[in-house]
Asks: 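Just passing along the structure, written as structure tokens.
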Protein chains: 2
Amino acid sequence: MRLPKLSKLELQIMEVLWDKGPTAIRDIQESFGPKGRPAYTTVQTMVYRLEGKKALRRARKIGNAHIFEAVISRDAAKARLVDEFLSLFGGRMQPVMAQLIEAGNLSPKDVSDAEKLLRELAARKKKDA
Amino acid sequence: MRLPKLSKLELQIMEVLWDKGPTAIRDIQESFGPKGRPAYTTVQTMVYRLEGKKALRRARKIGNAHIFEAVISRDAAKARLVDEFLSLFGGRMQPVMAQLIEAGNLSPKDVSDAEKLLRELAARKKKDA
DNA sequence: GCTAAGCTCTTACTGTTGTAGTAGGACGAT
DNA sequence: ATCGTCCTACTACAACAGTAAGAGCTTAGC
């Protein structure tokens with residue numbers, strides 16, 4: 001299981017580790033806003049499961065509290081997510097782009113950023129070929 | 001539940017209805033390739049669940065077999081998917097586009113199609129403003 | 001040394017997804 | 001009318017996700 005599938009809550013927990021580095025469960029839990037935050041033991045369960053999936057590991061102890069750190073990189077996880085998503089669209093990139101672009105949630109800046117990336121990518125591809 | 005969440009297999013079943021129009025369970029099942037196709041009753045269960053979610057409905061009967069048709073449109077379902085996906089990226093569009101574009105699975109045609117769409121979108125936005 | 005606060009572990013329950021078996025009704029061909 | 005075939009309706013179950021309570025260990029402060 002080189003790249004385990006991570007659920008939404010699991011991802012949110014990994015985000016904390018990616019942002020803050022090695023972190024205790026209490027700190028992970030508190031980094032969810034005060035309202036609607038899951039119980040301490042809920043976060044704990046998820047952390048334990050992530051440990052089982054080898055997405056994170058116990059790095060050391062402070063007092064009797066374990067400090068956890070990410071094993072999987074953010075990029076790898078995101079790439080996995082993208083793959084999942086693509087597979088829902090039959091693996092074809094074009095309809096995905098179309099759907100995203102049509103979705104209408106793009107700010108003008110998003111559009112220009114995307115265009116810039118696309119131009120760079122086109123240039124890179126031309127050079128490769 | 002105006003736009004129920006659809007799982008991967010549920011989506012695949014809806015795809016059949018969107019492609020072929022009203023269809024019987026047997027036909028849905030057979031439209032999964034002969035290898036690795038789920039059992040008839042598996043498809044049946046999923047169809048029943050989709051019925052519960054009001055994603056499809058019984059349109060009529062042929063003999064004793066029910067014919068099912070989509071209630072939810074393909075576009076609505078895809079829009080829902082995109083939203084789900086975006087929420088995993090914190091709802092920010094830009095990193096999603098970046099990830100997709102960087103993912104490297106884009107053919108040159110994908111790129112030019114995307115650029116075209118983006119230009120059209122930019123033009124549309126300018127006119128709206 | 002005692003006690004409270006905090007952490008760990010264990011256990012458990014709910015809902016969803018994917019999977020499918022089984023019982024029985026309906027229908028078409030003989 | 002009978003018999004196999006097909007479909008329906010129901011039931012079941014495992015894995016995973018989200019949720020959390022409870023029991024007990026650790027430790028810091030007094």
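Numbered from 1 within each chain, the chains take letters A, B, ... in sequence-line order. Keep in mind that the numbers below use all heavy atoms, side chains included, and drop hydrogens, waters and symmetry copies.
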Asks: Taking atom P of dC16(D) as reference, at what distance in whole Å does atom NZ of Lys5(B) sit?
Replies: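 That distance rounds to 16 Å.
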Asks: Between dA20(C) atom P and Tyr48(B) atom OH, what is the distance in whole Å?
Replies: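 Spelled out: OH on Tyr48(B) to P on dA20(C) is 17 Å.
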Asks: Group every Ile, Leu, Val, Met, Phe, Trp and Tyr by side-chain heavy-atom contacts under 4.5 Å, then state whether Leu81(A) and Leu88(A) land in the same group.
Replies: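 Both belong to a single hydrophobic cluster.
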Asks: If you check the Pro38(A) side chain, which of dT8(D), dT19(C), dT19(D) turns out closest?
Replies: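 Selected nucleotide (nearest to the side chain): dT19(D).
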Asks: Rounded to the nearest angstrom, tell me the gap between atom CG in Asn64(A) and atom P in dG29(D).
Replies: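 So the CG-P distance, Asn64(A) to dG29(D), works out to 13 Å.
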Asks: Looking at dG22(D), dC6(D), dT17(C), which one has an atom nearest to any side-chain atom of Thr41(A)?
Replies: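 Shortest atom-to-atom distance from the side chain points to dG22(D).
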Asks: Taking OP1 and OP2 of dA20(C), is either one under 4.0 Å from a side-chain nitrogen or oxygen of Thr42(B)?
Replies: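 Checking Thr42(B) against dA20(C): at least one side-chain N or O falls below 4.0 Å of OP1 or OP2.
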Asks: Between dT19(C) atom P and Phe32(B) atom CZ, what is the distance in whole Å?
Replies: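 In whole Å, dT19(C) P lies 9 Å from Phe32(B) CZ.
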Asks: Base of dA9(D), side chain of Gln44(B) - is there a donor-acceptor contact under 3.5 Å?
Replies: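 Under the 3.5 Å cut-off, the side chain and the base do form a donor-acceptor pair.
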Asks: Please give, in whole Å, the distance from dG28(C) C1' to Ile62(B) CD1?
Replies: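 One finds 16 Å between C1' of dG28(C) and CD1 of Ile62(B), rounded.
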Asks: Fit a plane to each ring of Phe68(A) and Tyr48(A), take the angle between them on a 0 to 90° scale, and name the class: parallel (under 30°), tilted (30 to 60°) or perpendicular (over 60°).
Replies: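 It falls in the tilted class, 30° to 60°.
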Asks: Quick one, Phe32(B) and Pro38(B) - any side-chain contact, counting heavy atoms below 4.5 Å?
Replies: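 Contact flag for Phe32(B)/Pro38(B) side chains = yes.
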Asks: Which residue in the set Arg57(A), Arg58(A), Arg60(A) passes side-chain contact (heavy atoms from CB on, under 4.5 Å) when paired with His66(A)?
Replies: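 Testing His66(A) for a side-chain contact (heavy atoms from CB on, under 4.5 Å) against Arg57(A), Arg58(A), Arg60(A) leaves exactly one candidate, Arg58(A).
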Asks: What is the distance, rounded to the nearest whole Å, between atom NE2 of His66(B) and atom P of dC7(D)?
Replies: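 That distance rounds to 12 Å.
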Asks: Compare side-chain N and O positions of Lys53(B) against OP1 and OP2 of dT17(C) and report whether any pair is under 4.0 Å apart.
Replies: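 It does, given that an N or O in the side chain of Lys53(B) lies less than 4.0 Å from OP1 or OP2 of dT17(C).
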Asks: Could you check how far CD of Gln29(B) sits from P of dG18(C), rounded to whole Å?
Replies: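 In whole Å, dG18(C) P lies 16 Å from Gln29(B) CD.
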Asks: Between Glu84(A) (CD) and dC16(D) (P), how many Å, whole number?
Replies: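 The answer, rounded to whole Å, is 14 Å.
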Asks: Give a yes/no on whether any side-chain N or O of Arg26(B) is located under 4.0 angstrom from OP1 or OP2 of dC6(D).
Replies: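 No, no such contact exists.
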Asks: In terms of the nearest nucleotide of DNA chain C, which residue is placed more toward the 5' end: Arg37(B) or Ile67(A)?
Replies: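 Counting from the 5' end, the first nearest nucleotide belongs to Ile67(A).
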Asks: Should Ser7(B) be listed as having a side-chain N or O under 4.0 Å from OP1 or OP2 of dG18(C)?
Replies: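 True: Ser7(B) side-chain N/O within range (under 4.0 Å) of dG18(C) OP1/OP2.
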Asks: Any side-chain N or O of Arg58(B) below 4.0 angstrom from OP1/OP2 of dA9(D)?
Replies: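 For Arg58(B), the contact criterion (side-chain N or O under 4.0 Å from OP1 or OP2 of dA9(D)) is met.
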Asks: According to a strict under-4.0 Å criterion, is Lys61(B) in side-chain N/O contact with OP1 or OP2 of dT8(D)?
Replies: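 Checking Lys61(B) against dT8(D): no side-chain N or O falls below 4.0 Å of OP1 or OP2.
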Asks: Is it the case that the base of dA17(D) and the side chain of Thr45(A) share a donor-acceptor contact (distance under 3.5 Å, atom types as modelled)?
Replies: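 No, the side chain and the base share no sub-3.5 Å donor-acceptor pair.
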Asks: Using a cut-off of less than 4.0 Å, is there contact between a side-chain N or O of Arg49(A) and OP1 or OP2 of dC9(C)?
Replies: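 No.
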Asks: Quick one: pull up CD1 in Ile13(B) and CE in Met46(B) and give me the separation to the nearest 0.5 Å.
Replies: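 Interatomic distance, Ile13(B) CD1 to Met46(B) CE, rounded to 0.5 Å: 6.5 Å.
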Asks: Between Tyr40(A) and dG6(C), is there a side-chain N or O to OP1/OP2 distance below 4.0 Å?
Replies: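 For Tyr40(A), the contact criterion (side-chain N or O under 4.0 Å from OP1 or OP2 of dG6(C)) is not met.
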Asks: Which one, dT19(D), dT11(D), dC7(C), comes nearest to the side chain of Met46(A)?
Replies: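 Between dT19(D), dT11(D), dC7(C), the one nearest the side chain of Met46(A) would be dT19(D).
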Asks: Please tell me whether Ser73(B) and Lys78(B) have a donor and an acceptor in their side chains that are separated by less than 3.5 angstrom.
Replies: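 The answer is no; no qualifying pair exists.
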